[in-house]
Structures are given as structure tokens and as C-alpha cells.
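Below you'll find the structure, written out as C-alpha cells, and then a few comments.
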Amino acid sequence: MYELAHRQILSIQSPFRPPQRSINLIKSNKMKKRVSPMASLFFISALAAAFHSASEAAASSQSPFEDNFSIMWSENHFKTSEDGNTWFLSLDKETGCGFQTKQRYRFGWFSMKLKLVGGDSAGVVTAYYMCSENGAGPERDELDFEFLGNRTGQPYLIQTNVYKNGVGGREMRHMLWFDPTEEFHSYSILWNDHQIVFFVDRVPIRVFKNNGEKNDFFPNEKPMYLFSSIWNADDWATRGGLEKTDWKKAPFVSSYKDFSVDGCQWEDPYPACVSATTKKWWDQYQAWHLTDSQKMDFAWVQRNLVIYDYCKDTDRYPKLPVECSLSPWG
């Protein structure tokens with residue numbers, strides 16, 4: 001997850017935009033672009049009529065924290081709301097905190113709502129990711145969302161990455177079209193044998209395709225836990241480590257709620273639901289590609305919010321990785 005320290009973007013030229021309730025309200029000084037009205041439709045809902053209401057299936061799996069998760073470390077830095085439906089992870093100078101699912105999954109839809117650390121969050125990283133191992137093992141598969149804090153008034157950056165057999169280096173970085181510290185927003189991963197799609201508020205921001213052959217880049221063999229954590233990374237996370245964490249502002253708190261999963265729960269030695277039976281909506285043909293409306297939103301994101309893409313970094317990769325030749329549109 002942490003390989004891009006030496007390539008950290010040193011400054012953000014675009015001014016921060018105030019949060020909007022819909023992506024189609026975004027304006028900038030250089031452009032005015034309306035995103036597809038379908039951006040507001042949940043990807044699962046788009047398929048629900050044909051596939052037995054997948055949104056209901058996801059909602060039915062929502063349950064209290066202790067039913068789904070275990071604390072990984074620093075239980076005294078974890079709190080819940082009175083009703084148990086909102087969870088808080090805190091970071092201070094001593095330690096951060098993290099949790100993980102009790103179950104492993106291979107393929108499916110995984111979603112969580114997060115509200116990130118507000119104010120001066122330089123050096124603070126909130127991670128929300130899937131991984132095949134409890135630790136950062138040398139042979140792990142991993143799908144990452146990482147939220148990189150910043151000085152007050154500067155926008156959060158969202159970094160995604162994909163690992164297979166311990167090899168990452170597939171970072172992308174985006175700006176967001178809202179302030180993720182003001183209210184909750186959903187962050188979701190669709191994972192099947194054909195593609196991995198990272199969603200923010202139902203908008204696809206990254207598509208990572210498989211080529212249908214045995215390869216060294218697409219993680220499709222190992223079941224994964226889902227994790228989240230908050231930790232200090234002021235040696236690289238903000239302007240390449242130039243901006244250090246201001247511990248006078250601690251504790252730094254990230255908030256979570258509404259975890260939902262509609263996926264194949266792993267059962268040894270090999271659960272039937274991961275075979276190519278296409279019995280689940282996320283394993284059916286419509287989930288192997290972006291819909292037309294999602295393509296419109298994805299194109300808008302590509303034009304306006306991407307600030308780093310490893311597939312365009314020819315200094316780092318004089319010979320681009322093979323997956324960079326795969327079109328996200330197909």
C-alpha cells in the first residue's frame with residue numbers, strides 16, 4: 001500500500017471545491033460539465049430488476065459491528081455510537097486502530113460509508129481495503145482505498161492500489177468532488193473474475209480489468225478479508241513527507257457505518273459460489289463491464305479528477321505493465 005512515497009505529488013493546483021450532494025453540480029474555473037443523471041443510481045440497483053434485488057441482499061447483510069468485525073489492535077482507540085451503528089477509529093501519538101471482517105470472501109460487492117478526519121489531517125492515513133492476509137505478507141493479494149490527509153483547506157487525496165502475490169506498484173490517485181470530512185460517503189468495490197471496479201458514491205473512479213488468461217496482475221485466486229485502519233504516515237503521505245502530523249490536533253477520528261456485502265463467503269476447500277455459475281448478480285455478464293451511464297461518469301472522472309496513474313508514468317515504468325494495455329471500456 002505504501003510504495004508511492006518517493007513519487008508523492010508535491011502540490012495541488014486545483015482549488016478545493018465545497019461539498020456537493022450530487023456530482024452533476026460540480027463546476028470549475030476551466031470547465032463546466034454535467035455528469036450523467038444516472039450517476040445517482042446505485043450499481044446494484046441498476047441490476048436489481050433482473051437479478052432478484054441485489055440491493056436488498058446487500059442490505060440484509062448489514063448488522064452490528066461485532067457480528068461482522070474484530071478489532072485488530074488498540075481496542076481502547078475504538079468506540080461505537082449509542083445505537084451501535086456508527087464506529088469510530090482514533091489515532092494519537094501512541095497508536096492508531098484497525099478492524100477486519102471475521103469472514104473471508106472471494107468475489108462480490110463490498111461497501112462502507114466513511115467520514116474522514118476533519119481539519120488539519122496532514123500525515124494521517126485512513127485505509128479501507130481488502131487483503132488475503134492479516135498482515136502485510138510477502139505473497140498477499142490486496143485491493144486498496146487509502147485516504148491521504150492534508151493541511152486545513154487542502155483537498156484529501158484518494159489512492160487506490162492492486163496487489164497480486166505481494167506485488168503492487170499499481171497506484172492511482174484522485175481528487176474528490178466533495179469534502180469527505182463533512183458527511184458520510186460510500187466507498188465500494190466490485191470484484192469478479194473479469195474486473196475490479198472502485199466506486200465512490202456509486203460513481204466508478206477506477207476500473208482494473210482481467211485479460212482472461214493466467215497472469216501476474218489480476219488477483220482472482222485468494223479469498224480476502226476486508227479491513228479498515230487509521231495510522232500515521234507523515235514520512236510520505238502528505239506532500240512526500242514534507243507536511244508532518246500536528247499531534248496537538250490529536251486524536252484524529254475516522255467514522256464508519258452501513259457496511260454491506262453481497263459476496264461469496266469463503267468455505268474450505270473451495271466454495272461453489274466462486275465457480276463460473278453466474279448465479280450471483282456480481283458474477284453475471286452485466287457486471288463484467290461498466291454500464292453506459294457508468295461509462296459517462298467514469299469518463300468525467302478520468303478527465304477531471306485523476307492526478308496520478310502508474311500506467312502513464314513512463315519514468316517509473318519505461319516498459320508499461322501488461323495490464324495497462326487493457327481497456328477499461330470493454
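- In the hydrophobic clustering of ILVMFWY residues, with side-chain heavy atoms under 4.5 Å counting as a link, L91 and V253 come out apart.
- Taking a 6.0 Å sphere around NZ of K312, one finds it holds 12 or fewer heavy atoms contributed by other residues, nucleotides or ligands.
- Rounded to the nearest 0.5 angstrom, F184 CZ and M112 CE are separated by 10.5 Å.
- Without hydrogens or angle criteria, N150 side chain to P155 main chain gives a donor-acceptor distance under 3.5 Å.
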Candidate pair W87 and F69, rule ring-ring contact (aromatic ring centres under 6.0 Å, His included), full reasoning:
CA-CA 11 Å; W87 322 315; F69 298 99; 5.5 Å; yes
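- In terms of hydrophobic clustering, with Ile, Leu, Val, Met, Phe, Trp and Tyr side chains grouped at heavy-atom distances under 4.5 Å, I307 and L148 are assigned to a common cluster.
- Listed by chain and residue number, nothing satisfies the salt bridge (Lys or Arg N to Asp or Glu O under 4.0 Å) test with D292 (two or more places apart in sequence, or in another chain).
- Using modelled atom types, no side-chain atom of T86 and backbone atom of S81 make a donor-acceptor pair closer than 3.5 Å.
- Taking the six-membered ring wherever Trp is involved, the centroid distance between the rings of Y128 and Y256 does not fall below 6.0 Å.
- Taking the six-membered ring for Trp and the full ring otherwise, the centers of W191 and Y105 sit at least 6.0 Å from each other.
- Not a single donor-acceptor pair under 3.5 Å links the side chain of K164 to the backbone N or O of P219.
- Considering CZ of R140 and OG of S132, their distance stands at 8.5 Å, rounded to 0.5 Å.
- Remark: the backbone N or O of W329 is paired with a side-chain donor or acceptor of K295 at under 3.5 angstrom.
- One finds the CZ atom of F145 at 11.5 Å from the CE atom of M130 (value rounded to the nearest 0.5 Å).
- At distances below 3.5 Å, not a single donor-acceptor pair connects side-chain atoms of T245 with backbone N or O atoms of W247.
- Under a hydrophobic-cluster definition in which Ile, Leu, Val, Met, Phe, Trp and Tyr are linked whenever side-chain heavy atoms come within less than 4.5 Å, directly or via other members, V203 and L305 are assigned to the same cluster.
- For residues 317-330, the pairs satisfying salt bridge (charged side-chain N to carboxylate O under 4.0 Å, His left out) are R170-E323, with sequence neighbours left out.
- Annotation: K102, atom NZ; neighbour count of heavy atoms from other residues, nucleotides and ligands within 6.0 Å is above 12.
- Residue pairs that meet the salt bridge (charged side-chain N to carboxylate O under 4.0 Å, His left out) test with at least one member in residues 119-139, sequence neighbours left out, are D120-R151.
- Legend: residues meeting salt bridge (Lys or Arg N to Asp or Glu O under 4.0 Å) with D246, ordered by chain and number and at least two apart, are K249.
- Between the side chain of D315 and the backbone N or O of P318 there is no donor-acceptor pair closer than 3.5 Å.
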Could you check I189 against L226 for side chain to side chain contact (heavy atoms under 4.5 Å, CB included), going step by step and ending with a plain yes or no?
CA-CA 11 Å; I189 296 173; L226 187 139; 6.0 Å; no
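- Remark: T126 OG1 to L89 CG distance equals 8.0 Å, nearest 0.5 Å.
- Under the 3.5 Å distance criterion, with hydrogens and angles disregarded, no donor-acceptor pair is assigned to the side chains of S186 and S188.
- Distance alone, capped at 3.5 Å, places no donor-acceptor pair between the D92 side chain and the P251 backbone.
- Side-chain atoms of N161 and E146 form no donor-acceptor pair, as typed in the model, at a separation below 3.5 Å.
- A side-chain N or O of N220 and one of D193 form a donor-acceptor pair less than 3.5 Å apart.
- For NZ of K113, the number of neighbouring non-hydrogen atoms (other residues, nucleotides, ligands) closer than 6.0 Å is 12 at most.
- The salt bridge (Lys or Arg N to Asp or Glu O under 4.0 Å) test applied to K257 returns no partner, not counting sequence neighbours.
- Of the residues Y129, F252, Y187, the one that meets the ring pair (Phe, Tyr, Trp, His ring centres under 6.0 Å) test with F147 is Y187.
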Between D144 and T160, is a side chain to side chain contact (heavy atoms under 4.5 Å, CB included) present by the stated rule, with each step listed?
CA-CA 5 Å; D144 292 339; T160 56; 5.8 Å; no
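- Linking Ile, Leu, Val, Met, Phe, Trp and Tyr residues whenever their side-chain heavy atoms come within less than 4.5 Å places L190 and L326 in a single cluster.
- Under the salt bridge (charged side-chain N to carboxylate O under 4.0 Å, His left out) criterion, no residue pair touches residues 207-220, with sequence neighbours excluded.
- Remark: R316 is not positioned above the aromatic ring of Y310, lacking an NZ or CZ atom under 6.0 angstrom from the ring centre and at most 45 degrees off the axis.
- Under the ring pair (Phe, Tyr, Trp, His ring centres under 6.0 Å) test applied with F99, the options W73, F65, Y225, F227 reduce to a single match, F65.
- By the rule that hydrophobic residues join a cluster once side-chain heavy atoms approach within less than 4.5 Å of another member, I158 and Y308 end up as members of one cluster.
- Ring centroid separation for the pair F199 and W109 comes in under the 6.0 Å cut-off.
- For K222 and N165, the side-chain atoms include at least one donor-acceptor pair closer than 3.5 Å.
- A donor-acceptor contact shorter than 3.5 Å links the side chain of S90 to the backbone of H77.
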Give the intermediate values and the outcome of side chain to side chain donor-acceptor pair (under 3.5 Å) for residues D201 and W177.
CA-CA 10 Å; D201 281 348; W177 57 92; 4.9 Å; no
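- Side chain of S121 to backbone of G118: no donor-acceptor contact under 3.5 angstrom is found.
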For the pair M296 and W300, evaluate side chain to side chain contact (heavy atoms under 4.5 Å, CB included) and give the outcome as yes or no after the intermediate values.
CA-CA 6 Å; M296 294 176 64; W300 188 93; over 6 Å; no
